[in-house]
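Read the structure below first, then the notes.
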Amino acid sequence: MENYDILIIGAGPAGLSAGLYAGRQNSKALILDKGLTGGLGLEVPMMENYPGFEAISGLDLIVKMKNQTEKFCEIREHVMIKSIKKQENGFLLEIKSIHALEEKYDEIFAKSIILATGASHRHLNVPGEEEYLGRGVSYCATCDGMFFTGRDVLMIGGGNSAAQEAIFLKNLQANVKLVHSGRKLRCDKHLQDLLEEKEIPIILNAKPKEIKGDMMVESVLFNINGEEEEIPTNGVFISLIGNNPSNELAKELDVDLDEDGYIITDKNQATNIEHIYAAGDITGGLKQWVVACSEGAIAATSAYKNLEKL
């Protein structure tokens, strides 16, 4: 069984920052993630509000953060947590690692845990959305946009992320239309100006009802201004405002959640359970990269200071 001072669950911006701070304080720390390092951060096409960079993509910033964190803290990807239990002076976890199609089971004991599990995409919850996932339906223009060069795509959403990804798709020479269920866009004014400059068509007051196709996506049925209209398309990118908190582990540990399912923390990022902390999008509030990093740093510092109580 492996023993750690601080176990960080989630390798997004919050988890990476927590790992960096934990490791630099000479704590024996480990970061686990069920997927790739970066989480939803990998999908950000471009940021212009992260201090120190006039413009940088989420992928590029994750690469820099991962390289820096790995100097002080081990990171393991593709690790599923099978169980997590509170024990005297710490927590016992059973994990499953998947590498090269091989599964390996291990046990880990950690004195403290930082939950940086983030959030998942909001879904449209319409017929065809799950059926055509990976066959024309995508939640990540950065990941899948290159497959739609020269093809017709719909970007569904009206916030900053949807606008940024629509512009990203346009730059890839995709024939993109931005479709929003509201009567006006909710993205920042400078993004609206860019949409106009890029001549990206905008369809407002359009509520999706069904994604249709055969082997691949062929069209989307909308209710537009009270009337049904079917729009032909090769792809559907979905970027809705808000996310669903990934709180399964928090529930298993009896961590207090707010009415929306986000973890409740104090100013030290501590939860109601001693030696469990939380950071990043899982705590709700302002979902910004710089906020996630600061919360990760606070959580790791708090966990380190409280190790002496164990």
Side-chain angles (χ1 to χ4, degrees), residues 12-13 35-36 38-50 55-59 61-62 118-126 128-130 132-149 151-172 174-196 198 200-211 217 220-222 224 231 233-246 280-281 284 286-289 292:
L36 294 172
L40 295 184
L42 294 171
E43 303 178 10
V44 179
M46 193 60 61
M47 285 183 290
E48 297 177 322
N49 60 356
Y50 190 80
I56 188 169
S57 70
L59 174 59
L61 187 51
I62 285 295
S120 60
H121 293 289
R122 280 186 59 204
H123 288 201
L124 295 172
N125 296 318
V126 299
E129 182 177 11
E130 299 297 329
Y132 292 105
L133 182 61
R135 294 192 290 142
V137 172
S138 175
Y139 300 91
C140 177
T142 308
C143 310
D144 302 323
M146 70 286 295
F147 299 116
F148 293 89
T149 297
R151 308 182 75 191
D152 296 332
V153 296
L154 301 177
M155 170 58 67
I156 298 180
N160 286 348
S161 294
Q164 288 173 332
E165 294 204 341
I167 293 165
F168 177 80
L169 290 167
K170 181 70 173 184
N171 290 340
L172 290 177
N175 304 315
V176 58
K177 295 178 181 177
L178 182 63
V179 186
H180 179 43
S181 60
R183 295 186 179 277
K184 61 180 181 179
L185 296 180
R186 300 176 65 180
C187 59
D188 294 341
K189 178 64 166 58
H190 80 278
L191 289 173
Q192 295 186 41
D193 292 341
L194 273 176
L195 291 169
E196 183 176 356
K198 296 286 185 179
I200 296 174
I202 299 170
I203 304 173
L204 298 175
N205 202 25
K207 298 175 177 58
K209 297 187 64 176
E210 183 179 0
I211 298 172
V217 167
V220 180
L221 179 65
F222 290 93
I224 303 177
I231 300 178
T233 187
N234 302 119
V236 181
F237 288 85
I238 301 166
S239 182
L240 303 180
I241 293 175
N243 293 301
N244 297 317
S246 300
D281 285 358
L286 183 62
K287 296 181 177 63
Q288 290 290 302
W289 201 295

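Just so you know, these numbers use all the heavy atoms, side chains as well, and skip hydrogens, waters and symmetry mates.
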Are any of the side-chain heavy atoms of [X] and [Y] separated by less than 4.5 Å?
X	Y	result
L154	V220	yes
V44	L42	no
I202	L204	yes
L191	I167	yes
Q288	N49	yes
K287	N243	yes
L169	N175	no
I224	K207	no

Which atom names give the shortest non-hydrogen contact between [X] and [Y], and what distance separates them?
X	Y	result
P13	G38	CD-O, 4.1 Å
S57	M46	N-SD, 3.8 Å
A206	V179	CB-CG1, 3.5 Å
L195	L185	CD1-CD1, 3.8 Å
E48	A55	CG-CB, 4.3 Å
D144	S138	OD2-OG, 2.6 Å

Nearest-0.5 Å distance, [atom1] of residue [X] to [atom2] of residue [Y]:
X	Y	atom1	atom2	result
C140	L40	SG	CG	9.0 Å
I238	Y139	CD1	OH	4.0 Å
L178	S239	CG	OG	9.5 Å
N244	D281	CG	CG	12.0 Å

| query | Do F222 and I156 pass the side chain to side chain contact (heavy atoms under 4.5 Å, CB included) test, and can you show the C-alpha distance, the side-chain angles, and the key distance before you say yes or no? | reply | CA-CA 11 Å; F222 290 93; I156 298 180; 4.2 Å; yes
Side-chain donor/acceptor of [X] to backbone N/O of [Y], under 3.5 Å:
X	Y	result
E165	S161	no
R122	I241	yes
T149	L172	yes
D152	V176	no
H180	K184	yes
E210	L221	no

| query | Who pairs with F168 by ring-ring contact (aromatic ring centres under 6.0 Å, His included), at least two apart in sequence or on another chain? | reply |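 For F168 there are no ring-ring contact (aromatic ring centres under 6.0 Å, His included) partners, ignoring immediate neighbours.
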| task | Assess the side chains of N171 and K198: does a donor N or O sit below 3.5 Å from an acceptor N or O? | result |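 K198 and N171 do have a side-chain donor-acceptor pair below 3.5 Å.
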| field | Mutual orientation of the aromatic rings belonging to Y50 and W289 [parallel < 30°, tilted 30-60°, perpendicular > 60°] | value |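 It falls in the perpendicular class, over 60°.
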| query | Going by the angle between their ring planes, with limits at 30° and 60°, are F148 and F237 parallel, tilted or perpendicular? | reply |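 Rings of F148 and F237: perpendicular, over 60°.
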| query | Between H121 and E43, is a side chain to side chain contact (heavy atoms under 4.5 Å, CB included) present by the stated rule, with each step listed? | reply | CA-CA 11 Å; H121 293 289; E43 303 178 10; 2.9 Å; yes
| message | Can you tell me if R135 has over 12 outside heavy atoms packed within less than 6.0 Å of its CZ? | response |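 More than 12 within 6.0 Å, yes.
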| message | Is it true that, when you exclude K170 itself, more than 12 heavy atoms of the residues, nucleotides or ligands shown sit nearer than 6.0 Å to its NZ? | response |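 Yes, NZ of K170 has more than 12 neighbouring heavy atoms, counting only those of other groups under 6.0 Å.
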| Worked verdict on I200 versus K177 for side chain to side chain contact (heavy atoms under 4.5 Å, CB included) | CA-CA 6 Å; I200 296 174; K177 295 178 181 177; 5.8 Å; no
| task | Please test H123 against E129 for side chain to side chain contact (heavy atoms under 4.5 Å, CB included), starting from the C-alpha separation and ending with a verdict. | result | CA-CA 8 Å; H123 288 201; E129 182 177 11; 3.2 Å; yes
